[in-house]
Amino acid sequence: MRFGNHLVTSQSVREQHGNTTTWVANEPPDAVVFPADDGRRAGDCAHLRGAACAGDPFGTGTSLEGHINAPLGGVSIDFRDMNRVLTVHAEDLDCVVEPGITRKALNEHLRDKGLFFPIDPGADASLGAWRQPDAQAPTRCAMAR
């Protein structure tokens, strides 16, 4: 099987990944995948594309837009295990992170370098999830596509 133990289909986990804080009713995905590294994530996404299956990124579940609902099914891709800072380019004031890292965790890593990430969405959302609804967080942040 392509996803092995990284794929979960239990009702409770699926409902957690289809829950929003909006008026929209919970519409859970068909399954949830938990990739642990970028190579795995890329392979999972390519497999979903090949199977014509929708894959929705999931960060920490703080969405206000309702974009994690899956009215037509599909797979939620939970980035909680991809939460590392890969490189910091202090001289350029940028860094490369995995999509599951949160603003607080990033700032903890940057503190010793005299740097910080100033954008605060009002929740400790993961940075990759900010990108999912085209970075429509309360404070917009330009992210690489």
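All values below were derived from every heavy atom in this structure, side-chain atoms included, with hydrogens, water molecules and symmetry-related copies excluded.
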With D30 via side-chain contact (heavy atoms from CB on, under 4.5 Å) - residues at least two apart: none
Derivation and outcome, side-chain contact (heavy atoms from CB on, under 4.5 Å), residues L115 and V88: CA-CA 10 Å; L115 301 172; V88 175; 4.2 Å; yes
Worked verdict on L106 versus L127 for side-chain contact (heavy atoms from CB on, under 4.5 Å): CA-CA 9 Å; L106 176 58; L127 302 188; 3.6 Å; yes
Let me have the donor-acceptor pairs involving side chains of residues 74-82, under 3.5 Å, with sequence neighbours excluded, atom names and distances please.
from, atom 1, to, atom 2, distance (Å)
D78, OD1, R80, N, 2.8
D78, OD2, H17, NE2, 2.5

Set of side chain to side chain donor-acceptor pair (under 3.5 Å) partners for Q16, sequence neighbours left out: none
Partners meeting side chain to side chain donor-acceptor pair (under 3.5 Å) with E91 (sequence neighbours left out): none
Set of residues satisfying side-chain contact (heavy atoms from CB on, under 4.5 Å) with respect to P118, sequence neighbours excluded: F116
For the student: nearest non-hydrogen atoms of S126 and G100, plus distance: CB-O, 3.7 Å
Euclidean distance, N26 CG relative to N69 CG, rounded to 0.5 Å: 6.0 Å
Partners passing side-chain contact (heavy atoms from CB on, under 4.5 Å) against D112 (at least two apart in sequence or in another chain): none
Under 3.5 Å: donor-acceptor pair, side chain of N83, backbone of T102: no
Sidechain-backbone polar pair: R14 side chain, P29 backbone, donor-acceptor under 3.5 Å: yes
Worked check of side-chain contact (heavy atoms from CB on, under 4.5 Å) between F34 and V13: CA-CA 11 Å; F34 294 89; V13 172; 4.2 Å; yes
Under the salt bridge (charged side-chain N to carboxylate O under 4.0 Å, His left out) test, residues paired with E108 that sit two or more places apart: R111
Within-4.5 Å side-chain heavy-atom neighbours: I101 and V85: yes
side-chain contact (heavy atoms from CB on, under 4.5 Å) against L86, all qualifying residues, sequence neighbours excluded: R84, V96, E98
Check against side-chain contact (heavy atoms from CB on, under 4.5 Å), V32 and F58: CA-CA 9 Å; V32 180; F58 184 90; over 6 Å; no
